[in-house]
Amino acid sequence: MGLIVQKFGGSSVADVDKMKLVAGRVIAECDRGNQVVVVVSAMGKTTDNLLSLIAQVTDRPNPREVDMVLATGEQISIAILALVLQTMGRKAISMTGPQVGIITDPFHRKARIRDINTARLREKLDEGHIVIVAGFQGLTQSGQITTLGRGGSDTTDVALAAALHADRCDIYTDVDGVYTTDPRIVPDARKLATITFDEMLELASLGAKVLHNRSVELARNHNVPLQVLSTFSQNPGTLVVKEYTNMEDIVVSGVAYNRDEYKITILGVPDQPGMAAKLFSKIGEANVNIDIIVQNISHRGLSDISFTVGKEDFQNARDVAEQFVKEYGAEGIRTDDAVGKVSIVGVGMRSHGGIAATMFGALAKENINIQMISTSEIKISVVIARADVDRAVQAIHREFELQSEPKLTAR
Ligand code: ASP
Ligand code: MG
């Protein structure tokens, strides 16, 4: 007998008919002789609706109360799913995060799971129950309800699988796996049979919305293999694993994009030691997350520093930059609120050369200007005009022939 942890996202439990399909998936797993823990998100757009309700009251809500409100979404879906399973003749019980014993740190709206007490879960499983757990929520040591950040049910799923040493961790969603890129932009994007944790983590952080990036991080740290598959089709999904054969031969696994980048350039910064440190420590103090940074070669003892931020941090970052200009005698700032980022990801980049040249060549052919470049061992990102993002994704996808199965180089 195995133990499977399954997670169903909001679109999979949007109404009772969909929940019956979900119940079918759960029952199939039980009938294969497995114990099953099910994690669910709130029904459909419930979380968004709860947030709009809060927004009718204030735009600066107390985070503790936000979590009290948001946690109700998942409490509804677990109990309704338990009822559906019970009417189908199954022994099922719903449990909230606090009831399970999911302990988090005290940071409301972005809490991290610290510990899971599996005793109650085990007890219910051993009594023959299907246990349905509310995703996205937990309890602090001092008894406060917390949530894990938007999309956090994936993280609950992986954390439970790790704590229970589950045999498999499945994430059911409305897409049937991880694709080489967004099929809405490239219709012949290909579904990946396998991808590594490292690649998935990059893709999730770069804007691919399939998995919550913390869940991937957690899966990697605990080596919990994940399977991403669709609730609504029988197609095989994508396996996210530590490593697989031939993975080094696959140079590019996917193309990710983010349309919401904002660029700030500080012109004429005195070219002296400590300037970048001063600027970015101020930005850090303002709690702004920086994405890409570029400093150009200095001329006349002055240099320009550009960086990009997400939409939510743009105003804040601009204020800090303006303050910095006044304080340190830089020449001024320039902002661009219409840039985007396109990235390629692949573990094979570690051992293959010329990848950047191929990517930049594809952009050159399309006459797309590159404004900034950033690279890591398994990723190359470029910042370009937002209006060029779709065309860039298409050109790069074509250039690396990602629509077809990779040809493996002989070893
Ligand atoms: N219901 C939460 C959200 O919409 C958590 C989740 O869906 O994973 O963000
Ligand atoms: Mg959701």
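Predicted model, so just to flag it, every value in this text is computed and none were measured. Note: hydrogens, waters and symmetry copies are ignored here, and every other heavy atom, side chains too, is used. Just so you know, ligand 1 is whichever comes first in the structure, and atom 1 is the first atom listed for that ligand.
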| Pair listing, side chain to side chain donor-acceptor pair (under 3.5 Å) test, anchored in residues 102-111, at least two apart |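 Non-adjacent pairs meeting side chain to side chain donor-acceptor pair (under 3.5 Å): Asp67-His108, Thr104-Thr146.
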
Between [X] and ligand 1, does any nitrogen or oxygen pair lie at a separation below 3.5 Å?
| X | result |
| --- | --- |
| Asp154 | no |
| Thr47 | yes |
| Gly151 | yes |

| request: Check whether any side-chain heavy atom of Leu51 sits under 4.5 Å from a side-chain heavy atom of Arg150, and report yes or no. | output: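 Heavy-atom side-chain distance check passes, below 4.5 Å.
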
| What orientation do Phe307 and Phe280 show, parallel under 30°, tilted 30 to 60°, or perpendicular over 60°? |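 If you compare the ring of Phe307 with that of Phe280, the planes turn out perpendicular.
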
| task | Take Glu199 and Thr196 through the side-chain hydrogen bond (donor to acceptor under 3.5 Å, both in side chains) test and state the conclusion after the steps. | result | CA-CA 5 Å; Glu199 290 167 321; Thr196 64; 3.0 Å; yes

Atom indices of ligand 1 within 4.0 angstrom of [X] heavy atoms, with elements:
| X | result |
| --- | --- |
| Ser41 | 6 (C), 7 (O), 8 (O) |
| Arg150 | 3 (C), 4 (O), 9 (O) |
| Phe136 | 2 (C), 5 (C) |

| task | Look at ligand 1 and say whether Gly152 reaches it with a heavy atom at a distance under 4.0 Å. | result |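 Heavy atoms of Gly152 do come under 4.0 Å of ligand 1.
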
| query | Is the closest heavy-atom distance from His212 to ligand 1 below 4.0 Å? | reply |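 Distance cut 4.0 Å: His212 fails for ligand 1.
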
| said: Does only the side chain of Ser153 get under 4.0 Å from ligand 1, or the backbone, or both, or neither? Count heavy atoms. | reply: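 For Ser153, backbone and side-chain atoms both sit under 4.0 Å from ligand 1.
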
| Pairs meeting criterion salt bridge (Lys or Arg N to Asp or Glu O under 4.0 Å) with involvement of residues 344-361, two or more places apart |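 For residues 344-361, and leaving out neighbouring residues, the salt bridge (Lys or Arg N to Asp or Glu O under 4.0 Å) pairs sorted by first residue read Asp198-Arg350, Glu248-Arg350, Arg350-Glu377.
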
| So Met372 and Lys263, side chain to side chain contact (heavy atoms under 4.5 Å, CB included) or not? Walk me through it. | CA-CA 10 Å; Met372 300 165 103; Lys263 186 169 77 167; 3.7 Å; yes

| request: Please check if atom CZ in Arg334 has more than 12 non-hydrogen atoms from other residues, nucleotides or ligands closer than 6.0 Å. | output: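 No.
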
